[in-house]
Structures are given as C-alpha cells and as structure tokens.
*Asks:* 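Got a structure for you, written out below as structure tokens; questions coming shortly.
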Amino acid sequence: MDRDDRDDPFGDFFEEIERMMNEMAGSQRDGGDAGFGSETHVDAYATEESVRLVADLPAVSKEQLSLQCDGEALTISAASDRREYDETVELPATVDERSGEATFNNGVLEVEFDRDDDSASIDVV
C-alpha cells in the first residue's frame, strides 16, 4: 500500500515550520517576503540615560537607509534591488529625537538616543 505524503505533517518537518512562521509573519507564499518579518531581528534596550536600538538589515547599504524618529517610535526604511524594509519600532522609553546617533556596519544598524525626561517638578506654595 502506498502512503499519501501530502497529508503527513512530518513529511518535511522544516518546510512545515517555515510555512507556519511565514503565515504568522504575514509573508506572501510566492516568496515575496519584504520587510522585517523574515530575516531581520530588531532589539531595543533602555538604560537610565539612553535608549539603544540594534537591527539586522541584510542586503542593504548605508546609502539606502532612512531613519525617522518622533520621540516614541523609530521608523526604519530601506530599499535595495533585493529587499525592501519599512518598519516602525516602538521605543521602550520616550527619547530626545534630536540626540540620535546611528552607525551601520556589515548589515547591522545601531541607533542611540538620549532619554527625554519630560516630567517637570512642581513647586507647592
């Protein structure tokens, strides 16, 4: 008796996992996985004085990057002939967007901001 492998979820275990991950990330099944969902990892760290963001952006050059910050979120955009990225990352703390400094080396973007201490003390009279 021949076995029908089409219904066997363990027939190609890794292919099934990749299909499910692509579904969760919202990728298209035709291989058009543009954006951060498939290959990019973004981390944000906050200290008492600063907020630091690190993103992996494969197949992108420094000239293709565009960064925008509103103090609460950082938008990273890039377009190359192989990939397009457009992602907004919520920052873990409010930052002074004018203090941003960024470096890009071997596909790794690092951005650092000073935290914005916008709370004001109120004198009681």
Side-chain angles (χ1 to χ4, degrees):
M1 179 163 121
D2 288 322
R3 197 174 101 196
D4 186 3
D5 288 334
R6 289 177 294 173
D7 295 328
D8 184 5
F10 299 105
D12 191 347
F13 183 70
F14 293 110
E15 185 177 304
E16 182 66 14
I17 288 176
E18 184 175 355
R19 182 193 64 76
M20 289 186 295
M21 294 299 288
N22 285 339
E23 259 182 34
M24 289 189 312
S27 300
Q28 299 172 1
R29 291 189 57 82
D30 62 11
D33 48 345
F36 286 114
S38 61
E39 296 180 7
T40 303
H41 185 77
V42 180
D43 284 320
Y45 307 95
T47 65
E48 288 184 22
E49 290 93 27
S50 66
V51 171
R52 183 170 174 246
L53 183 126
V54 179
D56 295 324
L57 301 171
V60 172
S61 70
K62 177 180 165 181
E63 293 76 23
Q64 297 166 325
L65 281 173
S66 171
L67 304 174
Q68 294 287 322
C69 183
D70 66 2
E72 296 177 0
L74 177 69
T75 300
I76 305 169
S77 301
S80 72
D81 53 341
R82 292 181 34 200
R83 293 272 189 261
E84 282 188 33
Y85 299 103
D86 190 20
E87 183 76 12
T88 300
V89 179
E90 295 295 321
L91 299 173
T94 305
V95 299
D96 175 10
E97 62 269 15
R98 301 196 191 290
S99 70
E101 293 183 11
T103 60
F104 187 72
N105 189 18
N106 292 329
V108 178
L109 173 68
E110 295 184 40
V111 185
E112 189 162 354
F113 295 98
D114 293 335
R115 284 182 74 153
D116 187 16
D117 186 21
D118 59 4
S119 63
S121 61
I122 300 172
D123 293 330
V124 178
V125 286

*Asks:* Please check: side-chain N/O of Tyr85 versus main-chain N/O of Leu65, any donor-acceptor pairing under 3.5 Å?
*Replies:* no

*Asks:* Holding to side-chain contact (heavy atoms from CB on, under 4.5 Å), I want the full list of residues that pass it with Thr75, two or more places apart in sequence or in another chain.
*Replies:* Gln68, Ser77, Asp86, Thr88

*Asks:* Would you give the length of the straight line joining atom CG of Asn106 to atom CG of Asp56, rounded to the nearest 0.5 angstrom?
*Replies:* 11.0 Å

*Asks:* Taking all atoms of both residues into account, what is the closest heavy-atom pair of Glu112 and Ser50, and its distance?
*Replies:* OE2-OG, 3.2 Å

*Asks:* Less than 4.5 Å apart, any side-chain heavy atom of Leu109 and any of Val60?
*Replies:* no

*Asks:* What is the distance from atom CD1 of Ile76 to atom CD of Glu87, rounded to the nearest 0.5 Å?
*Replies:* 7.5 Å

*Asks:* Measuring from Asp114:CG to Glu101:CD, what's the distance to the nearest 0.5 Å?
*Replies:* 8.0 Å

*Asks:* Can you name the nearest heavy-atom pair linking Ser61 to Phe104, along with the distance?
*Replies:* C-CE2, 3.8 Å

*Asks:* Grouping I, L, V, M, F, W and Y whenever their side-chain heavy atoms are under 4.5 Å apart, do Phe113 and Val54 come out in a common cluster?
*Replies:* no

*Asks:* Atom OG1 of Thr103 and atom NZ of Lys62: how far apart are they, to the nearest 0.5 Å?
*Replies:* 9.0 Å

*Asks:* Work out which heavy atom in Ala59 is nearest to a heavy atom in Gln64; give both atom names and the distance.
*Replies:* O-OE1, 4.3 Å

*Asks:* For Cys69 and Leu74, work out which heavy atoms get closest and say how close.
*Replies:* CB-CD1, 4.0 Å

*Asks:* Are the side chain of Arg115 and the backbone N or O of Thr47 linked by a donor-acceptor pair below 3.5 Å?
*Replies:* yes

*Asks:* Which heavy atom in Glu90 sits nearest to a heavy atom in Glu72, and how many Å separate them?
*Replies:* OE1-O, 3.7 Å

